Amino acid sequence: MATLQIEKWERWFLYATVVVLVAFFIAIIASIGEAGIHLPTDEAQVDPAAVASGDVPPFDHPGVYEQPDGSYQAVVVAKAWSFSPAEIEVPAGADVEFVVTSTDVIHGFLIADVAVNGMIIPGQVLKVNATFDEAGVYDIICHEYCGLAHNQMFGQVKVGGAG
Ligand code: CUA
């Protein structure tokens, strides 16, 4: 009888495993289809050395640019250990597309209080969007260890003239 009990529980574990796998699979499909969540893709490749010498648009002019549709594009170059520009100013409610690359090593690109959490990989272009509904100062943090002064590598998004 004891053996049968074990088999019963093993069978339950098998069922549970299948249920969990199917649930996770459905969650992945739903996240892609319903929520539009996806892994960053190869938006573009750039030569980090050419970016460093200012030869690659739009990275030859880092800054914030208002778009014809009223949104903003922030072009950011990361290098050890700073973001250029270090301050990005937009009005409250702004939709901002960040276009970011690195001239040297891998950096992080995390913006506090909004859903921006990316990796800046030399040779790759990171594109992420965020909407800043509330006025305030949002810290941009490098959260990938990138060397001695990694802990001092940050920037700010100033929304609605705050700060
Ligand atoms: Cu850049 Cu840590």
Side-chain angles (χ1 to χ4, degrees), residues 20 24-25 27-163:
V20 167
F24 283 1
F25 187 73
I28 290 170
I29 298 301
S31 71
I32 297 167
E34 301 295 317
I37 296 168
H38 55 84
L39 289 170
T41 50
D42 292 350
E43 290 284 359
Q45 271 79 45
V46 288
D47 174 4
V51 172
S53 40
D55 293 333
V56 183
F59 301 108
D60 51 344
H61 290 97
V64 190
Y65 303 98
E66 189 169 1
Q67 304 299 295
D69 65 359
S71 69
Y72 290 81
Q73 187 183 61
V75 178
V76 180
V77 176
K79 64 169 193 284
W81 294 279
S82 62
F83 294 104
S84 172
E87 282 186 11
I88 292 164
E89 287 188 39
V90 291
D95 285 317
V96 184
E97 179 192 45
F98 295 89
V99 183
V100 192
T101 195
S102 164
T103 60
D104 43 34
V105 298
I106 294 175
H107 297 282
F109 195 74
L110 182 145
I111 304 181
D113 302 324
V114 290
V116 172
N117 183 342
M119 237 178 165
I120 314 167
I121 301 168
Q124 298 279 338
V125 177
L126 168 71
K127 286 188 179 178
V128 278
N129 290 75
T131 302
F132 297 89
D133 288 326
E134 293 187 22
V137 178
Y138 298 72
D139 288 324
I140 303 172
I141 298 153
C142 175
H143 63 316
E144 290 288 335
Y145 182 73
C146 57
L148 276 182
H150 155 72
N151 63 324
Q152 290 160 37
M153 185 170 172
F154 64 91
Q156 287 183 326
V157 181
K158 294 185 171 179
V159 178

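Atoms within a ligand are numbered from 1 in the order they appear, just like the ligands themselves. One is the number of the first residue; the rest follow in order along the sequence. Please read all numbers here as calculations on a predicted model, not as lab measurements.
- The shortest distance between side-chain heavy atoms of Phe59 and Val100 does not fall below 4.5 Å.
- Counting heavy atoms from C-beta outward, Phe98 and Leu126 have side chains that stay 4.5 Å or more apart.
- Atom 1 (Cu) of ligand 1 lies at the vertex of an angle of 110° between the SG atom of Cys142 and the SD atom of Met153 (rounded to 10°).
- With contacts defined as side-chain heavy-atom distances shorter than 4.5 Å, the pair Ile120/Phe83 qualifies.
- Of all N, O or S atoms in Glu144, the one lying closest to atom 2 (Cu) of ligand 1 is O.
- Rounding to the nearest 0.5 angstrom, the gap separating the CD atom in Gln73 from the CD atom in Glu66 is 12.5 Å.
- When you scan the N, O or S atoms of His107 for the one nearest atom 1 (Cu) of ligand 1, you land on ND1.
- Within His150, the N/O/S atom positioned nearest atom 2 (Cu) of ligand 1 carries the name ND1.
- Distance check for His143 against atom 2 (Cu) of ligand 1: none of its N/O/S atoms falls below 2.8 Å.
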Q: Take Val116 and Tyr138 through the test side chain to side chain contact (heavy atoms under 4.5 Å, CB included) and record every step on the way to the result.
A: CA-CA 11 Å; Val116 172; Tyr138 298 72; over 6 Å; no

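- At a cut-off of 2.8 Å, Cys146 is counted among the residues with an N, O or S atom near atom 2 (Cu) of ligand 1.
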